Amino acid sequence: MATFPSITPTYGQQKDSAPLTRTVRFADGYEHRILFGLAQHQNPKIFNFTFEVSETDADTIETFLDARANDSASFDFQPPGEASSLKFVCEGWNKSIPYLNRATIQATFREVFEP
């Protein structure tokens with residue numbers, strides 16, 4: 001299992017939650033919500049991170065994410081403020097170079113549940 005490089009994202013991350021429930025609505029206004037699968041796996045988190053780092057660290061991050069895209073594997077990462085590391089996939093990121101030897105990577109990490 002791969003572990004994300006020990007590079008910390010810039011302060012100001014965004015964390016989204018969207019519980020995965022099925023809802024059945026009836027004509028009389030009655031509504032029933034159903035969970036499929038394990039309850040603890042029904043609320044995956046999505047994090048939007050910004051890494052404002054050196055060009056070298058940006059290359060390290062990008063190489064790591066490219067490798068995960070090639071092998072379709074998840075990776076471990078402990079987001080700032082979280083008690084433990086979680087498993088993620090990163091389906092998209094972008095890199096800009098605003099200054100000499102400085103780079104900004106914006107990446108979206110989606111939590112996955114795997115053994």
Side-chain angles (χ1 to χ4, degrees):
M1 176 56 57
T3 301
F4 191 81
S6 60
I7 301 170
T8 306
T10 305
Y11 183 77
Q13 71 201 27
Q14 181 180 345
K15 176 181 176 182
D16 296 324
S17 296
L20 305 171
T21 59
R22 307 289 197 277
T23 304
V24 178
R25 292 183 182 95
F26 299 97
D28 64 356
Y30 179 80
E31 181 174 289
H32 186 71
R33 287 159 304 287
I34 303 166
L35 289 176
F36 288 102
L38 299 174
Q40 64 267 29
H41 293 176
Q42 298 307 309
N43 194 7
K45 307 302 182 205
I46 298 174
F47 289 87
N48 293 308
F49 293 115
T50 300
F51 296 88
E52 293 178 354
V53 293
S54 68
E55 182 71 34
T56 304
D57 283 348
D59 289 342
T60 301
I61 293 169
E62 194 167 30
T63 300
F64 178 84
L65 294 176
D66 283 337
R68 298 298 69 77
N70 289 338
D71 63 15
S72 299
S74 62
F75 56 89
D76 294 327
F77 179 67
Q78 183 172 352
E82 296 293 317
S84 62
S85 66
L86 306 169
K87 292 188 183 301
F88 291 98
V89 293
C90 181
E91 296 165 339
W93 63 92
N94 64 57
K95 175 181 174 182
S96 62
I97 304 172
Y99 307 106
L100 180 64
N101 295 326
R102 297 298 296 169
T104 301
I105 292 182
Q106 294 178 325
T108 300
F109 290 8
R110 181 176 54 86
E111 183 181 15
V112 295
F113 303 100
E114 299 174 348

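Computed over heavy atoms, backbone and side chain alike; hydrogens, waters and symmetry mates excluded. Model, not experiment: these values are computed from the prediction. Sequential numbering from 1 along the given sequence is applied to the chain's residues.
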Discussion item. For Asp66 and Trp93: C-alpha separation, side-chain torsions, deciding distance, then whether side-chain contact (heavy atoms from CB on, under 4.5 Å) applies.
Written reply: CA-CA 10 Å; Asp66 283 337; Trp93 63 92; 3.1 Å; yes
Worksheet entry | Ser84 and Gln78: CA distance, side-chain angles, deciding distance, side-chain contact (heavy atoms from CB on, under 4.5 Å) verdict | CA-CA 6 Å; Ser84 62; Gln78 183 172 352; 5.5 Å; no
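- A chain of hydrophobic side-chain contacts below 4.5 Å, direct or via other Ile, Leu, Val, Met, Phe, Trp or Tyr residues, connects Phe49 to Ile7.
- Atom CZ of residue Phe88 and atom CZ of residue Phe47 lie 5.0 Å apart, to the nearest 0.5 angstrom.
- The distance from atom CD of Glu52 to atom CD of Gln106, rounded to the nearest 0.5 Å, is 8.5 Å.
- Listed here is the closest heavy atom pair of Glu55 and Arg102: OE1-O, 4.0 Å.
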Worksheet item: Can you check side-chain contact (heavy atoms from CB on, under 4.5 Å) on Lys87 and Asp76, steps first, answer last?
Response: CA-CA 5 Å; Lys87 292 188 183 301; Asp76 294 327; 3.3 Å; yes
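- Note that the CD atom of Glu62 and the CG atom of Asp57 stand 12.5 Å from one another [nearest 0.5 Å].
- Scanning both residues, Ala103 and Lys95, for their nearest heavy atoms gives CB-CE, 4.2 Å.
- Within the 4.5 Å cutoff, the side chain of Thr50 has no heavy atoms near those of the Gln14 side chain.
- Between the CG atom of Leu86 and the CD atom of Glu111 there is a distance of 5.0 Å, given to the nearest 0.5 Å.
- The two atoms that bring Val112 and Ser74 nearest to each other are CG2-CB, 3.8 Å, heavy atoms only.
- Aromatic pair Phe64/Phe51: centroids not less than 6.0 angstrom apart.
- Taking each heavy atom of Val89 and Ala73 in turn, the nearest pair found is CG1-O, 4.4 Å.
- Rounding to the nearest 0.5 Å gives a distance of 11.0 Å between CG of Leu65 and OG1 of Thr60.
- Shortest non-hydrogen contact noted between Pro80 and Thr8 is CG-CG2, 4.4 Å.
- Atom CD1 of Ile46 is separated from atom CZ of Phe109 by 13.0 Å, given to the nearest 0.5 angstrom.
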Practice prompt. Take Lys45 and Asp16, measure what salt bridge (Lys or Arg N to Asp or Glu O under 4.0 Å) needs, and give me the verdict at the end.
Written response: CA-CA 6 Å; Lys45 307 302 182 205; Asp16 296 324; over 6 Å; no
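- Of all heavy-atom pairs spanning Pro19 and Asn43, the tightest one is N-OD1, 3.6 Å.
- By the rule that hydrophobic residues join a cluster once side-chain heavy atoms approach within less than 4.5 Å of another member, Tyr30 and Val24 end up as members of one cluster.
- Counting only heavy atoms from C-beta outward, the side chains of Cys90 and Phe75 approach each other to under 4.5 Å.
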